[in-house]
Amino acid sequence: MPMPASPVFTDPGLTRFNALDAAEARRALLACCAATRWADALAAARPYPDRTALRARADAELTALTWNDITEALDAHPRIGDRAAGDDRSAAWSRGEQSGAAAAPDDVRAALAAGNLAYERRFGHVFLIRAAGLSAERMLAALRARLEHEPEEERAEVRRQLGGIAWLRLERLLDGELAEAEG
């Protein structure tokens with residue numbers, strides 16, 4: 001007896017993302033990671049058959065970024081504890097991701113501000129951490145620990161954090177706004 005056909009799973013967010021015109025896809029991707037080269041490469045490689053393929057391509061493109069590309073992405077991130085300005089998708093996501101810092105006691109917020117400045121003096125760029133779900137105290141502990149890194153070690157950590165943020169935002173994009181547009 002033949003096996004029944006398995007149901008076809010469709011991913012409404014991915015379907016919608018694949019169908020965006022090039023400019024819309026690029027704009028959506030830049031909200032996830034502001035490295036132009038990353039966004040352009042991911043937009044150009046559409047359509048993706050599934051999220052696994054999209055994740056693999058996103059990771060590969062992140063690995064291929066130069067430090068200048070990473071710096072371009074960092075320039076779009078506010079300091080931990082600062083409120084992202086604007087009403088665009090990236091700013092809204094940043095405010096939500098940093099909600100743990102916004103709710104912190106004054107002494108922790110002051111320590112984050114001082115830590116941010118020390119970090120920027122040491123490494124020359126904003127401290128980046130995948131802040132979603134982290135308390136201000138955990139962000140502060142990570143900041144202090146990372147101040148002890150050697151520059152190359154910290155660059156590798158920044159790349160990992162940027163990848164985590166980009167994928168988190170890309171999933172939000174697919175699960176939220178783009179999936180809802182299909183419904």
Side-chain angles (χ1 to χ4, degrees), residues 11-80 82-98 116 119-120 123-134 139 142-143 146 149-182:
D11 182 330
L14 186 60
T15 300
R16 173 84 171 118
F17 174 69
N18 283 333
L20 293 174
D21 72 36
E24 289 173 308
R26 183 177 190 270
R27 233 181 343 271
L29 288 162
L30 285 170
C32 299
C33 175
T36 304
R37 193 169 133 204
W38 181 87
D40 289 346
L42 262 63
R46 291 171 310 130
Y48 295 97
D50 53 43
R51 289 188 190 207
T52 301
L54 176 57
R55 176 71 186 254
R57 185 62 182 249
D59 289 347
E61 294 300 335
L62 187 78
T63 299
L65 293 180
T66 66
W67 186 249
N68 285 338
D69 296 323
I70 298 290
T71 300
E72 177 185 26
L74 291 174
D75 288 345
H77 287 270
R79 290 179 175 132
I80 292 295
D82 285 357
R83 184 170 169 80
D87 58 359
D88 64 347
R89 184 181 286 151
S90 181
W93 282 341
S94 182
R95 286 189 295 271
E97 291 160 2
Q98 289 200 38
N116 281 328
Y119 182 94
E120 289 170 22
F123 296 111
H125 56 81
V126 69
F127 170 70
L128 187 73
I129 189 168
R130 185 183 174 279
L134 297 180
M139 288 182 246
L143 190 157
R146 287 172 52 191
H149 286 178
E150 292 301 319
E152 286 308 309
E153 178 185 18
E154 184 55 21
R155 282 185 173 197
E157 182 60 26
V158 166
R159 190 179 295 268
R160 279 190 293 278
Q161 295 294 324
L162 183 61
I165 294 165
W167 185 247
L168 173 72
R169 289 178 175 191
L170 193 47
E171 284 187 317
R172 284 182 179 154
L173 182 77
L174 297 175
D175 292 339
E177 295 165 41
L178 294 179
E180 290 166 8
E182 283 293 301

Do R57's NZ or CZ and the ring of Y48 fall within the cation-pi criteria of under 6.0 Å and 45°?
no
Value for CD (E154) from CZ (R146), rounded to nearest 0.5 Å, stands at 4.0 Å
Requested in this report: Please test L128 against L162 for side chain to side chain contact (heavy atoms under 4.5 Å, CB included), starting from the C-alpha separation and ending with a verdict.
Outcome: CA-CA 7 Å; L128 187 73; L162 183 61; 3.8 Å; yes
Heavy-atom nearest pair, A132 first then L168, reads CB-CD2, 3.6 Å
When every non-hydrogen atom of P78 is compared with those of V126, the smallest separation belongs to O-CG2, 3.9 Å
Open item on the list: Assess whether a salt bridge exists between E61 and R37, defined as any Lys/Arg side-chain N lying under 4.0 Å from an Asp/Glu carboxylate O.
Closed with: no
Value for CH2 (W38) from CG (D69), rounded to nearest 0.5 Å, stands at 12.5 Å
- Message: Set out, in order, the CA-CA distance, both residues' side-chain angles and the distance that settles salt bridge (Lys or Arg N to Asp or Glu O under 4.0 Å) for E120 and R79, then state yes or no.
- Response: CA-CA 10 Å; E120 289 170 22; R79 290 179 175 132; 2.7 Å; yes
Scanning both residues in full, the closest heavy-atom pair of I80 with A131 reads CD1-CB, 4.3 Å
Before you tell me yes or no, could you show the steps for L54 and L174 under side chain to side chain contact (heavy atoms under 4.5 Å, CB included), namely the whole-Å CA-CA distance, both residues' side-chain angles and the distance that decides it to 0.1 Å? CA-CA 11 Å; L54 176 57; L174 297 175; 3.8 Å; yes
Go through it in stages, so that I can follow the logic: the residues are E24 and R27, the test is salt bridge (Lys or Arg N to Asp or Glu O under 4.0 Å), and I'd like the CA-CA distance, side-chain angles, deciding distance and then a yes or no. CA-CA 5 Å; E24 289 173 308; R27 233 181 343 271; 5.0 Å; no
Of all heavy-atom pairs linking R46 and A22, the shortest is NH2-CA, 3.7 Å
Nearest heavy-atom contact between A142 and F127 is C-CZ, 4.2 Å
| message | Go through it in stages, so that I can follow the logic: the residues are E72 and N68, the test is side chain to side chain contact (heavy atoms under 4.5 Å, CB included), and I'd like the CA-CA distance, side-chain angles, deciding distance and then a yes or no. | response | CA-CA 6 Å; E72 177 185 26; N68 285 338; over 6 Å; no
NE2 of H125 to OH of Y119, rounded to nearest 0.5 Å, is 4.0 Å
Between N18 and L14, does the side chain to side chain contact (heavy atoms under 4.5 Å, CB included) criterion hold? Intermediate values first, please.
CA-CA 6 Å; N18 283 333; L14 186 60; 3.8 Å; yes
When rounded to the nearest 0.5 Å, the distance separating CG of D40 from CG of L29 is 9.0 Å
d(L143 CG, M139 CE) to nearest 0.5 Å is 10.5 Å
Expected output: side-chain R169 to main-chain A31 donor-acceptor under 3.5 Å: yes
Taking every heavy atom of L62 against every heavy atom of R159, the minimum-distance pair comes out as O-NH1, 2.7 Å
Would you call D175 and R51 a salt bridge, using N to O less than 4.0 angstrom?
-> yes
